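To keep things clear, I will list the structure first and then write my remarks on it.
What you see is a predicted model, and the numbers here were worked out from it, not measured in a lab.
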Amino acid sequence: FTIDSPLKVAHYGIDSTISLVDDVLIEKMRKHYCEKYNLIYTEISEKIDDFRAKRITSYLDLMNTLIDSKVEQLKNTSIETIEELKSYFNIIPSKKEEFLKKLSSTNCFGDIKDWLQKNIHKGSIDVNIMTKVDKDNYKDNVQLPTIYNDAHAALRGFAESNVNGSLILSAGMNPRLYGYIESFKDFYPENNTLKKKVVLKVSDYRSALIQGKFLVKKGIWVSEFRVESGLNCGGHAFATEGYLLGPILETFKNNKEVYSYQLSEI
């Protein structure tokens, strides 16, 4: 259900996440949207080297281009399409009152367009990789190198795309995959910004500590920890002691400053 969420919500400034498990579905969706928007589609078949990563990169780049186009259309609206903008801001309550005030207080549409340029922002196109879904792949009955494993290829597909977003890693630690992140420059800070961020889904404080230290030793910052206990998450069966989310979050709260200092020191 998440495969094209950014195309539906990113122009409202809402972040959303695409699952990168199924590259066959991703390729079908790329074809669908190319046809819908009258864009040239060239199939990336399974006969092409590194087809999984290339499918993912091409699809994410397409999503990015289509969303940028939507955002620019909103920013460059005309007096004839002002009703569309009213509908748009009805969905964004935090901006609605300010927009209506601007609309009623000026006779110059140029002022409104200037305001739109500053206040319409694109939501992030994030991706999710389940770290343990990383099966080996073969060509002509010969096993391919580790970087062609499923999760590794998905990571490469995201890393080589032109998307600014977060890589959300879930379902436990995969040291080989985590080590592969350092191969891509977009995960390193440039001018105090990150083009691509790393988000870890963790089951408890100990998990965050181990995974966070592993990544920062390689110079990779963790931008966010998303906490879900084994009892609260319906999708996974974590090997935990059965603690509920309250006590788990209490541990994070009590150790937040210490943990931040430890990672920064490394």
Electrostatic pair [X]-[Y], nearest N-O below 4.0 angstrom:
X	Y	value
Lys8	Asp4	yes
Lys122	Asp68	yes
Lys54	Asp49	no

Residues in ring pair (Phe, Tyr, Trp, His ring centres under 6.0 Å) with Phe225, at least two apart?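 Scan of Phe225 (ring pair (Phe, Tyr, Trp, His ring centres under 6.0 Å), adjacent residues dropped) gives Tyr259.
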Under the ring pair (Phe, Tyr, Trp, His ring centres under 6.0 Å) rule, collect the residues that match up with Phe89, sequence neighbours excluded.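 For Phe89 the ring pair (Phe, Tyr, Trp, His ring centres under 6.0 Å) partners, ignoring immediate neighbours, are Phe99, Trp115.
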Any residue meeting side-chain hydrogen bond (donor to acceptor under 3.5 Å, both in side chains) with [X], in chain and number order, not counting sequence neighbours:
X	result
Lys75	none
Glu224	Arg226
Ser58	none
Lys95	Asn119

Derivation of the side-chain contact (heavy atoms from CB on, under 4.5 Å) call for Leu263 and Val222: CA-CA 9 Å; Leu263 292 190; Val222 181; 5.5 Å; no
Roughly how far, to the nearest 0.5 Å, is the [atom2] atom of [Y] from the [atom1] atom of [X]?
X	Y	atom1	atom2	value
Leu85	Asn90	CG	CG	11.0 Å
Ser166	Asp15	OG	CG	7.5 Å
Asn255	Glu250	CG	CD	10.0 Å
Ile129	Asn174	CD1	CG	10.0 Å
Ile92	Ile14	CD1	CD1	7.0 Å
Ile56	Glu160	CD1	CD	11.0 Å

Is there side-chain contact between [X] and [Y], with at least one heavy-atom pair below 4.5 Å?
X	Y	value
Thr42	Ile40	yes
Leu167	Asp126	no
Ile248	Tyr205	no
Lys96	Leu100	yes
Ile125	Ser16	no
Leu169	Met130	no
Leu62	Leu39	yes

Any ring-ring contact (aromatic ring centres under 6.0 Å, His included) involving residues 126-169? Give me the pairs, sequence neighbours left out, ordered by first then second residue.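 Listed by first then second residue: His152-Tyr180.
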Can you list every ring-ring contact (aromatic ring centres under 6.0 Å, His included) pair that touches residues 20-60, not counting sequence neighbours?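 Checked against ring-ring contact (aromatic ring centres under 6.0 Å, His included) - neighbours excluded - no pair reaches residues 20-60.
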Return yes if some donor-acceptor pair links the side-chain N/O of [X] with the main-chain N/O of [Y] below 3.5 Å, else return no.
X	Y	result
Thr57	Gly157	yes
Thr131	Gly172	yes
Ser264	Ser260	yes
Asp23	Ile26	no
Asn64	Leu60	no

Hey, quick one: are [X] and [Y] part of the same hydrophobic cluster, counting side-chain heavy atoms closer than 4.5 Å, chains of contacts allowed?
X	Y	result
Leu155	Val216	yes
Phe214	Trp221	no
Ile220	Ile266	yes
Ile168	Met173	no
Ile18	Val199	no

If I compare all heavy atoms of [X] with all of [Y], which pair ends up nearest, and what's the gap?
X	Y	value
Ala53	Ala153	CB-O, 3.4 Å
Arg55	Ile44	NE-O, 2.8 Å
Lys195	Asn162	CE-O, 4.0 Å
Lys139	Leu144	CB-CD2, 3.9 Å
Arg52	Val21	NH1-O, 3.0 Å
Leu20	Ala154	CD1-O, 3.8 Å

Pairing donors with acceptors under 3.5 angstrom, does anything connect the side chains of Thr251 and Asp204?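 No - no donor-acceptor pair under 3.5 Å links their side chains.
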Does a donor on one side chain sit under 3.5 Å from an acceptor on the other, for Asn137 and Lys135?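 Yes, a side-chain donor-acceptor pair sits under 3.5 Å.
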Before giving the answer on side-chain contact (heavy atoms from CB on, under 4.5 Å), spell out for Lys253 and Leu249 the whole-Å C-alpha distance, their side-chain angles and the decisive distance to 0.1 Å. CA-CA 6 Å; Lys253 179 183 175 184; Leu249 290 176; over 6 Å; no
Please tabulate, for side-chain N and O atoms in residues 186-194, each donor-acceptor pair with protein atoms closer than 3.5 Å (sequence neighbours left out).
| unit_1 | atom_1 | unit_2 | atom_2 | d |
| --- | --- | --- | --- | --- |
| Asp186 | OD2 | Lys196 | NZ | 2.8 |
| Tyr188 | OH | Glu182 | O | 3.2 |
| Tyr188 | OH | Lys218 | O | 3.4 |
| Thr193 | OG1 | Glu190 | O | 2.8 |

According to salt bridge (Lys or Arg N to Asp or Glu O under 4.0 Å), who are the partners of Glu27, at least two apart in sequence or on a separate chain?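 Applying salt bridge (Lys or Arg N to Asp or Glu O under 4.0 Å) to Glu27 gives Arg30.
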Which hydrophobic side chains are connected to Val258, either touching it within the sub-4.5 Å cutoff or through other members that do?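 Members other than Val258 - counting any ILVMFWY side chain reachable under 4.5 Å - there are none.
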If you draw a 6.0 Å radius around NZ in Lys28, do more than 12 non-hydrogen atoms from other residues or ligands fall strictly inside?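 No, because the 6.0 Å sphere around NZ of Lys28 holds 12 heavy atoms or fewer from other groups.
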Can you confirm whether more than 12 heavy atoms, excluding those of Lys197, are under 6.0 Å from its NZ atom?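 No, the 6.0 Å shell around NZ holds no more than 12 heavy atoms from other groups.
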Determine, step by step, whether Ser170 and Asn128 satisfy the side chain to side chain donor-acceptor pair (under 3.5 Å) criterion, reporting the C-alpha distance in whole Å, the side-chain angles of both residues, the deciding distance to 0.1 Å, and the verdict. CA-CA 7 Å; Ser170 64; Asn128 172 241; 3.1 Å; yes
Does any pair with a residue in residues 257-266 pass salt bridge (Lys or Arg N to Asp or Glu O under 4.0 Å), and if so which ones, sequence neighbours excluded?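 Listed by first then second residue: nothing to list.
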